[in-house]
Undergrad: 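Quick one: structure below, then a few questions.
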2 protein chains.
Amino acid sequence: MVAKSFTRKEQIISSAQQMFRKKGFGASSMRELAKEVGVEPSSLYSHFKSKDEILKIICFHIADEFFEALDPIQNSVSSPTEKLKRVVTEHTNVIMKNLDAATVFFLEWKHLKEPALFEFKAMRNRYEDGFRQIVQEGITLCEFKNMDIDFTVRLIFSVLNGVHEWYRKSGTVSPDEVGDKLSHFILEGLSVE
Amino acid sequence: MVAKSFTRKEQIISSAQQMFRKKGFGASSMRELAKEVGVEPSSLYSHFKSKDEILKIICFHIADEFFEALDPIQNSVSSPTEKLKRVVTEHTNVIMKNLDAATVFFLEWKHLKEPALFEFKAMRNRYEDGFRQIVQEGITLCEFKNMDIDFTVRLIFSVLNGVHEWYRKSGTVSPDEVGDKLSHFILEGLSVE
DNA sequence: CCTACCGATCGGTAGG
DNA sequence: CCTACCGATCGGTAGG
């Protein structure tokens, strides 16, 4: 087994993900980030133009991962129920595999500066559209209850995106189980029968 | 109808709630807050000892509201299903009636300084215990599926606490409807049958 | 990747 | 509630 070697740039991003998650973007400083990495503060600027650029890279990397998970499912021929199960599992896997970055994605995106902020919102909207399509299809085929689609998708995302708040890698539940349980809750709820 | 008059202290807290929500605690400055209120920055310190104290007041005020909603339900004699419906409605009402403050509560509590931070976590845990009791009771009485209690409560809170992210006072859904729909989703899920 | 440094802004205090 | 001000820290740049 060959040990993976990290470039300095990757080291900085990795440390930034941890720090932005733990302290928030606004309360994180380039000086402290530099100390964490083991270089002088000004050296960070030979890898990144600004603090904002680091946030941008983190957020858009996670966005890419979400789309890579969604795309093949959208283009598949399964039933809406099957599609939903798969996309729930894949989406939560992205979160669980990138806990630091995903948490930054969910909590710190609003600090993105303006060209990036607009682009971010547009991407997020496109992603949510994928979920809306699946829900719409499920309603049309009478697999899902006839609820308001926007509302339904918001509830689904509440459940999915809450994962970053409670999931710990050391926990007793395996990542595979988490996806199954979330799907089951979303589809069947809490009540018996 | 008599117009409600606000003390300066209340004005400051109200502005702080909006600002902390919009920009985050770390990116909000006392200078900007003072400008918003219409006083000199140093004048804020005759009402509050520190920026941290303002955050503390906001977070613990909302915590009080949540407990005031939970207590009478916990001590009532309804079925677990009824209790859950009521607590879901009350909890989401607290969020919807205090959108700015509730958002700060959910997103910025981690910036509380240490004696307050510890106290905050303890309160939150007590509150979650109330939910755990209801779920436990529901499982015992065979009204709820026999799922892991901690996991179930986390999913419930994911749905409830997601409300602050999408609810807008200008929306088409009335606050009363929101509670009903959330309860229904939590209890019955998305699937038909 | 470092040394040296910039102007701006921060939370907060003294004293009235 | 204001004037005046503190030391600390911020993101970032010049130049090598």
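Chain identifiers are assigned alphabetically (A, B, ...) following the order of the sequence lines, protein sequences preceding nucleic acid strands; residue numbering begins at 1 within each chain.
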Undergrad: Could I get the full list of side chain to side chain donor-acceptor pair (under 3.5 Å) partners for B:His111, not counting sequence neighbours?
TA: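 Per chain and number, B:His111 pairs via side chain to side chain donor-acceptor pair (under 3.5 Å) with B:Glu108.
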
Undergrad: What parts of residues 11-29 of chain A reach DNA chain D, counting only heavy atoms under 4.0 Å away?
TA: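 A:Ser28, A:Ser29 - these, ordered by number, are the residues of the stretch whose heavy atoms sit under 4.0 Å from the strand.
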
Undergrad: Taking only residues two or more places apart in sequence, or in another chain, which ones meet A:Ser50 in a side chain to side chain donor-acceptor pair (under 3.5 Å)?
TA: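 Side chain to side chain donor-acceptor pair (under 3.5 Å) check on A:Ser50 returns nothing, list empty.
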
Undergrad: Would you mind writing out the side-chain donor-acceptor pairs for residues 63-74 of chain A within the sub-3.5 Å range, not counting sequence neighbours?
TA:
| unit_1 | atom_1 | unit_2 | atom_2 | d |
| --- | --- | --- | --- | --- |
| A:Glu65 | OE1 | A:Asn98 | ND2 | 3.4 |

Undergrad: Show me the dot-bracket string of DNA chain D, counting Watson-Crick or G-U pairs under 3.5 Å, with | for pairs to another strand and [ ] for crossing ones.
TA: ||||||||||||||||

Undergrad: Got a sec, which residues hit salt bridge (Lys or Arg N to Asp or Glu O under 4.0 Å) with B:Asp52, two or more places apart in sequence or on another chain?
TA: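 Scan of B:Asp52 (salt bridge (Lys or Arg N to Asp or Glu O under 4.0 Å), adjacent residues dropped) gives B:Lys113.
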
Undergrad: With sequence neighbours left out, write down each residue that passes side chain to side chain donor-acceptor pair (under 3.5 Å) with A:Tyr127, or none if nothing qualifies.
TA: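 Side chain to side chain donor-acceptor pair (under 3.5 Å) check on A:Tyr127 returns A:His91.
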
Undergrad: Could you note down all residue pairs passing salt bridge (Lys or Arg N to Asp or Glu O under 4.0 Å) where residues 154-182 of chain B supplies at least one of them, sequence neighbours left out?
TA: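 Of all non-adjacent pairs touching residues 154-182 of chain B, none passes salt bridge (Lys or Arg N to Asp or Glu O under 4.0 Å).
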
Undergrad: State, yes or no, whether a side-chain contact exists between B:Ser183 and B:Leu84 at a heavy-atom distance under 4.5 Å.
TA: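 No. Closest side-chain heavy atoms not under 4.5 Å.
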
Undergrad: In whole Å, what is the span from the CD atom of A:Glu40 to the C1' atom of C:dC5?
TA: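 Interatomic distance, CD of A:Glu40 to C1' of C:dC5: 13 Å.
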
Undergrad: Could you tell me the separation between the CZ atom of A:Phe48 and the P atom of D:dG11, rounded to a whole number of Å?
TA: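 In whole Å, D:dG11 P and A:Phe48 CZ are 15 Å from each other.
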
Undergrad: Do any side-chain atoms of residues 18-27 of chain A form donor-acceptor pairs under 3.5 angstrom with protein atoms, and if so which ones, sequence neighbours left out?
TA:
| unit_1 | atom_1 | unit_2 | atom_2 | d |
| --- | --- | --- | --- | --- |
| A:Arg21 | NH1 | A:Asp100 | OD1 | 2.8 |
| A:Lys23 | NZ | A:Glu32 | OE1 | 2.9 |
| A:Lys23 | NZ | A:Glu32 | OE2 | 3.3 |

Undergrad: Tell me every residue that passes side chain to side chain donor-acceptor pair (under 3.5 Å) with B:Ser78, counting only those two or more places apart in sequence or in another chain.
TA: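 B:Ser78: side chain to side chain donor-acceptor pair (under 3.5 Å) contacts with B:Ser76.
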
Undergrad: Side chains of residues 130-144 of chain A: which donor-acceptor partners sit under 3.5 Å, not counting sequence neighbours?
TA:
| unit_1 | atom_1 | unit_2 | atom_2 | d |
| --- | --- | --- | --- | --- |
| A:Arg132 | NE | A:Asp129 | OD1 | 3.1 |
| A:Arg132 | NH2 | A:Asn125 | OD1 | 3.1 |
| A:Arg132 | NH2 | A:Asp129 | OD1 | 3.2 |
| A:Gln136 | NE2 | A:Thr140 | OG1 | 3.2 |
| A:Glu137 | OE1 | A:Lys83 | NZ | 3.4 |
| A:Thr140 | OG1 | A:Gln136 | O | 2.9 |
| A:Glu143 | OE1 | A:Thr81 | N | 3.0 |
| A:Glu143 | OE1 | A:Thr81 | OG1 | 2.5 |

Undergrad: Could you go over nucleotides 12-16 of chain C and give all protein N or O partners under 3.5 Å, atom names and distances?
TA:
| unit_1 | atom_1 | unit_2 | atom_2 | d |
| --- | --- | --- | --- | --- |
| C:dG12 | OP2 | B:Tyr45 | OH | 3.2 |
| C:dG12 | OP2 | B:Lys51 | N | 2.8 |

